[in-house]
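As the structure is a computational prediction, the values presented were derived from the model and not from experiment. For reference, positions follow the sequence shown, starting with 1. Indexing begins at 1, ligand by ligand and atom by atom, following the structure's order.
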Amino acid sequence: HPLVTTGALGLVLGHPFDTVKVRLQTQTTYRGIVDCMVKIYRHESLLGFFKGMSFPIASIAVVNSVLFGVYSNTLLVLTATSHQERRAQPPSYTHIFLAGCTGGFLQAYCLAPFDLIKVRLQNQTEPRAQPGSPPPRYQGPVHCAASIFREEGPRGLFRGAWALTLRDTPTVGIYFITYEGLCRQYTPEGQNPSSATVLVAGGFAGIASWVAATPLDVIKSRMQMDGLRRRVYQGMLDCMVSSVRQEGLGVFFRGVTINSARAFPVNAVTFLSYEYLLRWWG
Ligand SMILES: CN(C)C(=N)NCCC[C@H](N)C(=O)O
């Protein structure tokens with residue numbers, strides 16, 4: 001389907017930005033966005049930016065179905081109005097927020113193992129395997145999942161899941177409030193928002209929610225990398241306290257710029273697909 005293809009394309013184009021974000025959040029060797037990009041390109045070539053991309057692509061359909069499915073069904077239950085009636089009787093922002101939080105909470109559990117494997121692979125700095133050089137620790141997504149299962153146990157696959165849930169529950173509420181608020185602002189009453197409005201509102205919903213999500217995103221990524229060798233953090237709180245002690249409060253905003261640049265296009269196309277699907281099947 002063309003819209004699913006656009007969604008996947010958005011993900012592919014956004015992935016290099018995501019890799020730079022993850023590295024800035026978890027490694028201290030980079031001085032900033034440009035330094036990180038130059039180093040990745042020099043040591044790992046263009047392919048370095050695309051590490052860890054296969055599981056997000058494979059899981060995007062499931063994760064987004066859970067997110068948008070739970071959101072719209074919760075809204076249906078809360079407001080008792082169908083999607084067709086919704087333009088005439090718009091739901092309250094409280095209901096939108098609660099439905100968004102529910103969607104965020106449940107999608108976090110589906111996302112957790114895929115996100116963990118993505119982050120572990122993105123953080124491998126070895127260039128592509130060359131004959132004679134030692135291979136990277138994880139040789140691909142399936143090998144990575146199997147190794148984590150073997151070395152860290154089944155619960156190891158959910159490392160960082162708690163921080164991920166705390167990150168997504170309120171911020172997905174913010175995501176849908178921003179989207180609906182902007183759509184209402186720029187759409188005449190009773191009408192459907194235009195494609196341009198949907199793209200812009202979706203893009204800003206992505207930025208607003210990711211800015212709010214960044215502090216816990218940093219902690220989540222660090223928790224996911226912990227356990228790779230020696231365990232450094234006793235838990236999420238310990239990770240927060242020692243990160244702030246060592247790097248100052250600025251640590252909570254690591255990667256926010258590059259992530260916002262990624263969030264706009266990715267979420268613009270996500271909401272455009274969502275609106276089209278609702279109008280066809282809603
Ligand atoms: C701030 N957060 C966690 C969110 N807004 N989540 C909703 C979906 C985000 C989209 N898949 C993305 O990758 O940008």
What residue among Asp217, Asn259, Asn123 forms side-chain hydrogen bond (donor to acceptor under 3.5 Å, both in side chains) with Gln25?
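For Gln25, the side-chain hydrogen bond (donor to acceptor under 3.5 Å, both in side chains) check succeeds only for Asp217.
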In the protein, which heavy atom is nearest to [atom], and how far is it?
atom                    : answer
atom 6 (N) of ligand 1  : Val172 CG2, 3.6 Å
atom 13 (O) of ligand 1 : Arg262 NH2, 2.8 Å
atom 11 (N) of ligand 1 : Asn64 OD1, 4.3 Å

Cationic tip of Lys220 within the cone over Trp162's six-membered ring, i.e. under 6.0 Å and within 45° of the normal?
no
Report yes if some N/O of [X] lies less than 3.5 Å from some N/O of ligand 1; otherwise report no.
X      : result
Asp168 : no
Gln107 : no
Ser209 : yes
Tyr175 : no

Proximal atoms of ligand 1 relative to Ala213 (non-hydrogen, under 4.0 Å):
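Answer, ordered by atom number: 1 (C).
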Shortest non-hydrogen contact from Gly52 to Leu121?
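Result for this residue pair: CA-CB, 3.7 Å.
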Ser209 and Tyr175 have their tightest heavy-atom pair at OG-CD1, 3.5 Å
Check: of Thr214, Asn267, Ile207, min heavy-atom distance to atom 10 (C) of ligand 1 comes from Asn267
Below 4.0 angstrom, N of the basic side chain to O of the carboxylate: do Arg184 and Glu189 qualify?
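Salt bridge absent between Arg184 and Glu189.
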If you measure from the Lys or Arg side-chain nitrogens to the Asp or Glu carboxylate oxygens, is any gap between Glu44 and Lys39 under 4.0 Å?
no
Is Glu247 close to Arg254 at the side-chain level, that is, under 4.5 Å between some pair of heavy atoms?
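The answer is yes, as the side chains (C-beta and beyond) meet within the 4.5 Å cut-off.
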